[in-house]
Asker: 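Structure provided below as structure tokens; questions to follow.
Atom set for the values below is all heavy atoms of this structure, side chains included, hydrogens, waters and symmetry mates excluded. All figures in this text were calculated on a predicted structure; none of them were measured in a lab. Sequence lines set the chain letters: A, B, ... in the order given, protein chains first and strands last, and positions in each chain run from 1.
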Amino acid sequence: MWTPELSLALALAIPAIGGVAVALLGKYPNLREGATLVSAVLLALNVAYLVEIAPSHPVLELANLAPGLHLVFRLEPLGALFAAVASGLWIVNSLYSIGYMRGNGEKNQTRFYVCFCIAIGAAMGVALSGNLLTMFLFYEVLTLSTYPLVTHKGDENAKRGGKIYLSILLGASIGLLLPAVIATHYLAGSTDFVAGGLLAVNEVTPAIAGVLLVLFAFGIGKAALMPVHPWLPNAMVAPTPVSALLHAVAVVKAGVFAMLKVGTYIFGPALIAATPTSDALAWIAGISIVLSSVVAMTKDNLKARLAFSTVSQLSYVTLGVMLASPLAMLGGALQIVMHAWGKITLFMSAGAIYTATKKTEISQMAGLGRYMPWLFIAYTVGALSIIGLPPLGGTWPKLFLMQGAWESGHGLLIVALVASSILNVAYLLPLSARGFFSAPEEAKLKKKPPMLVILPPVITAAGVLVLFFLIGPLRDYLAPVFLSSSLAAEAAL
Amino acid sequence: MDMLASLLPAGIAVHAPALIVVIPLIMAAVAALMPRGIFAWGVTLATAIAVAVLSLNILGQVSTGGVISYAMGGWLPPVGIELRVDMLNVPLLLLVGIVGLLCVIYALPSVADEIAKKQQSLFYSAFLVCFAGLLGVTITGDAFNVFVFLEISSISTYTIIAMGAGKDRRALTASYNYLVLGTIGATFFVIGVGFLYMATGTLNIADMAAVLEQNGHDRVTQAAFAFIVVGLGLKAAMFPLHVWLPNAYAFAPNFVTAFLASTATKVAFYALIRFVFSVFHPEVNFVAMSFTWLFAVVGVIAMMVASVQAVFQTDARRLLAYSSVAQVGYMMLGLGMGTAAGLSASMLHLMNHALMKGALFMALGAFALNFGVRRVKDLAGLGQTMPASSAAFTVASLSLVGVPLTVGFTSKWYLVTAALERGWWWAVAALMISSLLALAYVARLLSAIWMETPPAGKAGLAPARRLAPWMVLAPMSLLAFANIYFFFHADPLVGLARAAANAVMGGN
Amino acid sequence: MLEIILERFNYIPIIILMMTGLYVVIATGNLVKRLVGLSLFQTSVFLLYITMGKVFGGQPPIIVGDYHGEDAGHGAEAAAGHGAEHGAGAADHAAEAAQHAAEIAYSNPLPHVLILTAIVVGVATLAVGLALVVRIREAYGTIEDDALNAADYSLETGSAE
Amino acid sequence: MSPHLILRVVSKLLIPMIVVFGFYVQFHGDFGPGGGFQAGVIIAVAVILYALIFGMDEARRAVPPIVVRYGAALGVLIYASVGVATLFMNGAGEPLNFLDYDALHPDQGHHTGQHYGILLVELGVLTTVASVMLAIFYAFAGRVPDIPDEEW
Amino acid sequence: MDHTDLTQYLDYALIAMLLAVGFAIVRLRNLFAVAMLTGVYSLLSAAWFVSLDAVDVAFTEAAVGAGISTVLMLGAMLLTARESEPAGAKRHWAALAVVVAAGAALFFAIPDMPVYGDPNSPANSYVGMDYMTSTPNEIAVPNVVTAVLASYRGYDTFGETVVIFTAALGVMLLLGFGTGRREEDEDEAPGKAKVKAGKAGKKEDKA
């Protein structure tokens, strides 16, 4: 029967089975890609069901590792939302991957698709996890399964980037996150996600919680809070679908999602507000936002620029968590969704340009908009959403964050947010301008880009537009999490 | 457990503690008489199966009926020699028995490759003596008998390590150095036992503890403690007494390395725990001091220094050997916490480490079998040419780092929890740094295996050569699988480790 | 203090001898001489054990006296060493002998037994060690530690190119 | 060959006596100092002496290396089988432990069993020790083709 | 020391000689002399063992330490080298450090060690002496050492037999069965990766 528990299990099983199928069908590219797409669609359908039943909080216990150590799935709205974003974008990204990988004649495509499946499965695991340990576990699987993707090209450059990728992420998670998880387990006796905050419920003192908060903030390396961000630009050596996966769908979103989840369910807003370190962390997030935007301006390589843009945008979520007001946290949660759709559009556009012209530097891209108008329109829509202009999805998180900052007495941080938006304009829009208005260097394109690399960005750009109008349902869906959480936390403290 | 306890007929089960040592010894003599290596291997295999069954049976007996005491020759202790099995040494018996069995299966192709035909039956005989010696050390309840069996296992170990000389003459010097240091260690141990005898007048471990509790400690027992710790520390490769180990592991025949790495140092470490906790008492002043200032501190240094040394090795097996020294550091740290939680974490890591290193060295042996690979850079591209062995290697090495989904994670979890319970934040930091160093050296191995392209000549191998023989593959995969299985079903191992700690620390 | 030392005079030379042996093991580069040192060290430890079991005015732990009963089946070897004596019963004789044992001071037999075992272990180690040395000599052409290290090192760097 | 004529004659007489002395030490072990181990050494020395005087080849003909190898294992087996036998020969119906010699002669007073046991295990020790000492000697002496006279 | 008997002076003499031989072994570099002195050392200890009432041990030490070990060392020496090179300064100091540390631990323990010849020390008043009284009843062998060796602690002796068996295994595996060395060399290295033996190793040492 179609029970919530079954559905939870399927969320993990579908990508796994998909991965096996892809591996087995490795010799038949069409069937292989078919398997990927079928899994993606099935997963999305399954997640849609999960989104619907999320408020009832179904629980699935996977394994009992030892007394006090469980692997548990527990569905709640935040996780459901993240799962929806990841699974929804996986379809688009799969379509795009097919176009990109074939268009560029990449090697080892089977390995690529298998790792992709595993990565999505791991992202599902992170999204649905019911305690810190489970989350940590899938978080690590995600790191390991994306490593072959990052080093896909296999040349020296890729290996170097992969090394930095792996060492920073694993280093932070083993060196900082794991001790934090174990310390949480030690302090609270479990690692379960509890409304109002596990640590708050167990009456951990703000001083100790403050230390833990720092460990978590930097230990979740995937959230790319400065100074643990260098893995992200270095991972740009990967093929573009991977970059899209890293920066929009799975990896970084898993990071900030973990941050949000830890903030909401392990600490609770009230405890975060009470810790001595949250202010400092909020400022570090603010500095990250501005500084990486500035760095992004200096990059001529489109993907590198987008990477630093991601670093900047991710810190919005961290900022939301550290501000610890319901509105700010809601803004953070929305940022996960909106940024995902916006940024994937940008990355897919970059990849499409590369597939069509083999160009990677912005300065070379003059006039390309004339040959690929749909693509450049999609890019511009995505960029505007990132900047935060209505009527695009990216508007809302910034608005909520500003309100939240004001509400929690950090008015100065609003300046950082505004500055960031201005900088966004400065580094994202020149490409649109150059693409449409400069004179092209060449008379015509060497080859016409495949349909499958143009269509996906257009779809996501349309999605960004739709998301603007979906704010009402989204807000209603998420609000109980933060409101009940802060209420429960206040009751506990 | 009841099922295990009734595994054997009562008439045999009563004598299981004696048989588990004596059968391998008898079979060692029988193996030496065998005209051909394959027969000797058959004898060895039969013995290993018998020992594995006996160890399971003893586990059943101990868990249902409590401590077993077996009076050798019918002379009750302290007059006679007692064999004594409690929850502390049962895990070691199981470990030696079961890992031993897997290693023996693995031995046939590996030994056929590395040892001259004429020498094989003697080689198996020496292995069985070593096997029996380790079991004998584990099971005995008599301090001097520990020495005798320690030497039985050591002398045979020197021999089988030296048999690596067929491939590399450095096996000889490695074996010689081990012989000299091992004998110094054994002699130190004898001095320590002599002092204990001087102070107590008895050689039975339990009796010694009783007398010491009554008489209290004086300078003689303190000196005894120092000599026993150093003596057994040498055998257990405790930093900085580990200098014999890297070369011995690097140049021994592959099968020997796999077996020794997963059992020999473990048994010596067990003996150390037995003396420190059962003969001396953890609450005696100088013992408690030694926990913090000797075991914990030296353990942490070992975790760091040996890991760093591992990072810079060119020989793959020597790299893993240094990693073993670092892992002994983890166990020392757990022991040094002086708490039941710390000791059980230490025991857990002891068992888990055997699972990891067994699989790792077996995989390296499989590589060597097909390609004669010894150095790290020779591993290049093996992921493509030998995918199954490489996969097993990968699982085990991730376990070594402590990545989730592997037992390495479980043991680190318990170590950190124990450290937190003790309030030792610096130990937590050390554990994490050491894990990162482990990541560094493991990454060298794994990136060579998976990311490099195989040199010309290897890629084009016929499929038959690409697979290791199933006798290599099966035990290796089983161990690698155990690394994952016991993450999800940690209860059996954690339960054993807890019971072991409680057996010597008191408590429930 | 002096009395404490004097009463235990036996230990001091033994400790010095033990340390002499240990020194030879560590300080010497010659593989044969290191084994010599090892056996020196061990022999000195044997002395430590045996002096421990000495009892003043004691005798070797061989019980004298004619306790030896003629219980059935104990023919051959009893006849070989002793004249067979027909006593009243084995038990009586044993009791008598036990009394003997109580009257006469004997040295402690247990350390003797332990050391008998240890001597055998020592010679076994020595034999294996010397066999190794012979093989090393054949493989390297030297038995000096420094030369061996140099040879191994050159092999390592030579093969690591 | 000729320079050692006297040596040869004397040793022909001496070697059997050494062997006899070895057995004396073995069987007298219950009463005075000595036992299987010392006896084994003495008997091995007799053969070694033979080898030194009549040459290795001669000695190997008298006591072939294969016998030595089997002897070493046999001694261990003798010792162990005494222990295993005690397991099966239950005393007065109740199971006895490994190496409990009382089982060897259960009907009589238990001294006899002990005597048998000690005798048998000492025999095992003797066999092993004598064989092993010879094996070691053969191995070392066999390493050099023949020992030059001037070395001794 | 209220007991004085003449054997004590013998003991002193033996100790003095042992020390002299020990130091000579440290100093000498001629291996032949060293091997012979080791035999002398064993004989001297055997003599002391007799004086300490340990006749069995003395017998064994004389047979093994003075006999077999010396022969083995001479044999090995013939196959390897005659002279040992002088120890380097680094080794010397390292050895000295270890020796001083171990020696200090031993000297530290002396004040609590039992008085020489004390019949009431723990070592001499518990299990060891139980054997003296129980052997006549339980085993009825005059030589208590034999009784303990073969029966009370027969398991240890079994272990001892195995040790000596292992030594034979080791020597046979390393040096062959005494049937000459050339034949051994041929099938020693069956594997592919045969590492070249040292250049000098092939030369017979007949110096």
Asker: Show your reasoning for whether side chain to side chain contact (heavy atoms under 4.5 Å, CB included) applies to E:Asp156 and C:Val113.
Answerer: CA-CA 9 Å; E:Asp156 262 357; C:Val113 174; over 6 Å; no
Asker: Is the centre of the C:Phe46 ring less than 6.0 Å from the centre of the E:Phe49 ring?
Answerer: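 Aromatic pair excluded; centres sit 6.0 Å or further apart.
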Asker: If you measure from OH on C:Tyr106 to OG1 on E:Thr135, what distance do you get to the nearest 0.5 Å?
Answerer: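 These two atoms lie 11.0 Å from each other.
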Asker: Is E:Asp118 close to chain C through its backbone or its side chain, or both, or neither, when contacts mean heavy atoms under 4.5 Å?
Answerer: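 The answer is the backbone of E:Asp118.
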Asker: Return the minimal non-hydrogen interatomic distance between C:Phe56 and E:Tyr116, and the atom names on each side.
Answerer: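 Minimum heavy-atom separation between C:Phe56 and E:Tyr116: CE1-O, 3.1 Å.
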Asker: Working to the nearest 0.5 Å, report the span between CD of E:Glu61 and CD1 of C:Ile119.
Answerer: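 Between E:Glu61 CD and C:Ile119 CD1, I get 4.5 Å after rounding to 0.5 Å.
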Asker: Output the option from C:Val32, C:Leu22, C:Ile16, C:Leu47 having the highest count of non-hydrogen pairs under 4.5 Å with chain E.
Answerer: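 That would be C:Leu47.
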Asker: If every non-hydrogen atom of C:Arg135 is compared with every non-hydrogen atom of E:Leu175, which pair is closest and at what distance?
Answerer: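 The pair with the smallest heavy-atom distance is CG-CD2, 3.9 Å.
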Asker: For E:Leu79 and C:Arg137, which heavy atoms make the closest approach, and how far apart are they?
Answerer: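 Heavy-atom minimum between the residues: O-CG, 3.5 Å.
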Asker: Going by the rule ring-ring contact (aromatic ring centres under 6.0 Å, His included), which residues pair with E:Tyr155 if we only count those two or more places apart in sequence or in a different chain?
Answerer: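 With sequence neighbours excluded, E:Tyr155 shows a ring-ring contact (aromatic ring centres under 6.0 Å, His included) to B:Phe149, given in chain and number order.
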Asker: Out of E:Val64, E:Thr146, E:Val50, which one racks up the most heavy-atom pairs below 4.5 Å with chain C?
Answerer: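 When all of E:Val64, E:Thr146, E:Val50 are compared, E:Val64 has the most.
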Asker: Using side chain to side chain contact (heavy atoms under 4.5 Å, CB included), reason through E:Arg153 and C:Leu110 one step at a time and then give a plain yes or no.
Answerer: CA-CA 9 Å; E:Arg153 294 187 72 85; C:Leu110 186 50; 3.7 Å; yes
Asker: Evaluate the side-chain proximity of E:Trp48 to C:Thr51: yes if any heavy-atom separation is below 4.5 Å, no if none is.
Answerer: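 The answer is yes; the side chains approach within 4.5 Å.
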Asker: Roughly how far apart are C:Thr28 OG1 and E:His92 NE2, rounded to 0.5 Å?
Answerer: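 Reported to 0.5 Å precision, the distance equals 11.5 Å.
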Asker: Identify which part of E:Leu31 has an atom lying under 4.5 Å from any heavy atom of chain C, answering side chain, backbone, both or neither.
Answerer: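 It is the side chain, since no backbone atom gets that close.
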Asker: When you look at E:Arg91 and C:Ile26, which way does the side chain to side chain contact (heavy atoms under 4.5 Å, CB included) test go after all the steps?
Answerer: CA-CA 7 Å; E:Arg91 273 176 179 283; C:Ile26 303 170; 5.7 Å; no
Asker: Considering only heavy atoms, which portion of E:Ser51 lies under 4.5 Å from any heavy atom of chain C: side chain, backbone, both, or neither?
Answerer: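 Contact with chain C is through the backbone of E:Ser51 alone.
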Asker: Rounded at 0.5 Å granularity, tell me how far OG1 in E:Thr38 sits from NZ in C:Lys33.
Answerer: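 Interatomic distance, E:Thr38 OG1 to C:Lys33 NZ, rounded to 0.5 Å: 9.5 Å.
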Asker: Exactly one of E:Val55, E:Val145, E:Val144 should register a side chain to side chain contact (heavy atoms under 4.5 Å, CB included) with C:Ile62. Which one does?
Answerer: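 Exactly one option meets the side chain to side chain contact (heavy atoms under 4.5 Å, CB included) with C:Ile62, and it is E:Val55.
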Asker: Please check if the distance between the ring centroids of C:Tyr11 and E:Phe107 is under 6.0 Å.
Answerer: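 Between E:Phe107 and C:Tyr11, which both carry aromatic rings, the centre distance is not below 6.0 Å.
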Asker: Do you know which of C:Leu31, C:Leu116, C:Thr20 has the most heavy-atom pairs with chain E at a distance under 4.5 angstrom?
Answerer: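 Looking at each of C:Leu31, C:Leu116, C:Thr20 in turn, C:Leu116 comes out on top.
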Asker: Picking from C:Ala131, C:Gly129, C:Ala124, C:Pro61, which has the most non-hydrogen pairs under 4.5 angstrom with chain E?
Answerer: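 Heavy-atom pairs under 4.5 Å are most numerous for C:Pro61.
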Asker: Testing the basics here: between E:Gly103 and C:Met19, what is the closest heavy-atom pair and its distance to 0.1 Å?
Answerer: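 In terms of heavy atoms, the two residues are closest at N-SD, 3.5 Å.
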Asker: What's the spacing between E:Leu106 CG and C:Leu48 CG if we round to 0.5 Å?
Answerer: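 Reported value, rounded in 0.5 Å steps: 8.0 Å.
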Asker: For the candidates C:Val128, C:Val120, C:Ile136, which exhibits the highest count of non-hydrogen atom pairs separated by less than 4.5 Å from chain E?
Answerer: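 Of C:Val128, C:Val120, C:Ile136, C:Val120 has the most heavy-atom pairs under 4.5 Å with chain E.
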Asker: Taking every non-hydrogen pair under 4.5 Å, which of C:Ile12, C:Asp146, C:Leu35 racks up the most with chain E?
Answerer: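 Ranked by contacts with chain E, first place is C:Ile12.
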Asker: Can you tell which part of C:Val24 gets under 4.5 Å to a heavy atom of chain E, answering side chain, backbone, both or neither?
Answerer: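 The answer is the side chain of C:Val24.
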Asker: Decide yes or no for C:Ile63 and E:Val141: does some side-chain heavy atom of the first lie under 4.5 Å from some side-chain heavy atom of the second?
Answerer: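 Contact flag for C:Ile63/E:Val141 side chains = no.
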Asker: Let me know if C:Thr117 has heavy atoms under 4.5 Å from chain E in its side chain, its backbone, both or neither.
Answerer: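 Both parts, heavy atoms under 4.5 Å.
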Asker: How far apart are the closest heavy atoms of C:Glu144 and E:Glu83, and which atoms are they?
Answerer: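 What the structure gives for the nearest pair is OE2-O, 4.0 Å.
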Asker: Non-hydrogen atoms of chain C under 4.5 Å away: do they reach the side chain of E:Leu169, the backbone, both or neither?
Answerer: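 Contact with chain C involves no heavy atom of E:Leu169 at all.
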Asker: I'd like to know which of E:Ala168, E:Ala54, E:Ala76 tops the heavy-atom pair count under 4.5 Å against chain C.
Answerer: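 When all of E:Ala168, E:Ala54, E:Ala76 are compared, E:Ala54 has the most.
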Asker: Which of residues 13-21 of chain E have a heavy atom under 4.5 Å from any heavy atom of chain C?
Answerer: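 Checking residues 13-21 of chain E against chain C gives E:Ile15, E:Leu18, E:Leu19.
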Asker: Does any heavy atom of chain C fall under 4.5 Å from the side chain of E:Ile68, the backbone, both, or neither of them?
Answerer: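 Side chain only.
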Asker: Can you tell me how far the CD1 atom of E:Ile25 sits from the OG atom of C:Ser39, to the nearest 0.5 Å?
Answerer: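 Here the rounded value is 7.5 Å.
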Asker: With chain C, which of E:Ala167, E:Ala94, E:Ala95 has the greatest number of heavy-atom pairs at distances under 4.5 Å?
Answerer: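 When all of E:Ala167, E:Ala94, E:Ala95 are compared, E:Ala95 has the most.
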Asker: Do E:Met77 and C:Leu130 make a side-chain contact, defined as non-hydrogen atoms from C-beta onward lying under 4.5 Å apart?
Answerer: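 Answer no - side chains too far apart.
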Asker: Minimum heavy-atom separation for C:Lys54 to E:Asp53, with atom names?
Answerer: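 Looks like NZ-OD2, 3.1 Å.
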Asker: For chain C, which of E:Thr60, E:Thr166, E:Val127, E:Thr161 has the most heavy-atom pairs under 4.5 Å?
Answerer: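 Heavy-atom pair counts peak at E:Thr60.
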Asker: Scan side-chain atoms only and decide if C:Ser44 and E:Tyr41 contain a donor-acceptor pair under the 3.5 Å cut-off.
Answerer: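 Looking only at side-chain atoms, E:Tyr41 and C:Ser44 do form a donor-acceptor pair, the distance falling under 3.5 Å.
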Asker: Does any non-hydrogen side-chain atom of E:Met129 lie less than 4.5 Å from one of C:Asn108?
Answerer: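 Side-chain contact under 4.5 Å: yes.
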Asker: Examine whether an atom of C:Ile115 lies under 4.5 Å from a heavy atom of chain E, and if so say whether it belongs to the side chain, the backbone or both; otherwise answer neither.
Answerer: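 Just the side chain, heavy atoms under 4.5 Å.
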Asker: Could you tell me if the side chain of C:Arg8 sits less than 4.5 Å from the side chain of E:Pro114, heavy atoms only?
Answerer: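 No; the side chains remain at least 4.5 Å from each other.
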Asker: For chain E, which candidate among C:Ser107, C:Gly37, C:Pro13 shows the most heavy-atom pairs at distances under 4.5 Å?
Answerer: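 Heavy-atom pair counts peak at C:Ser107.
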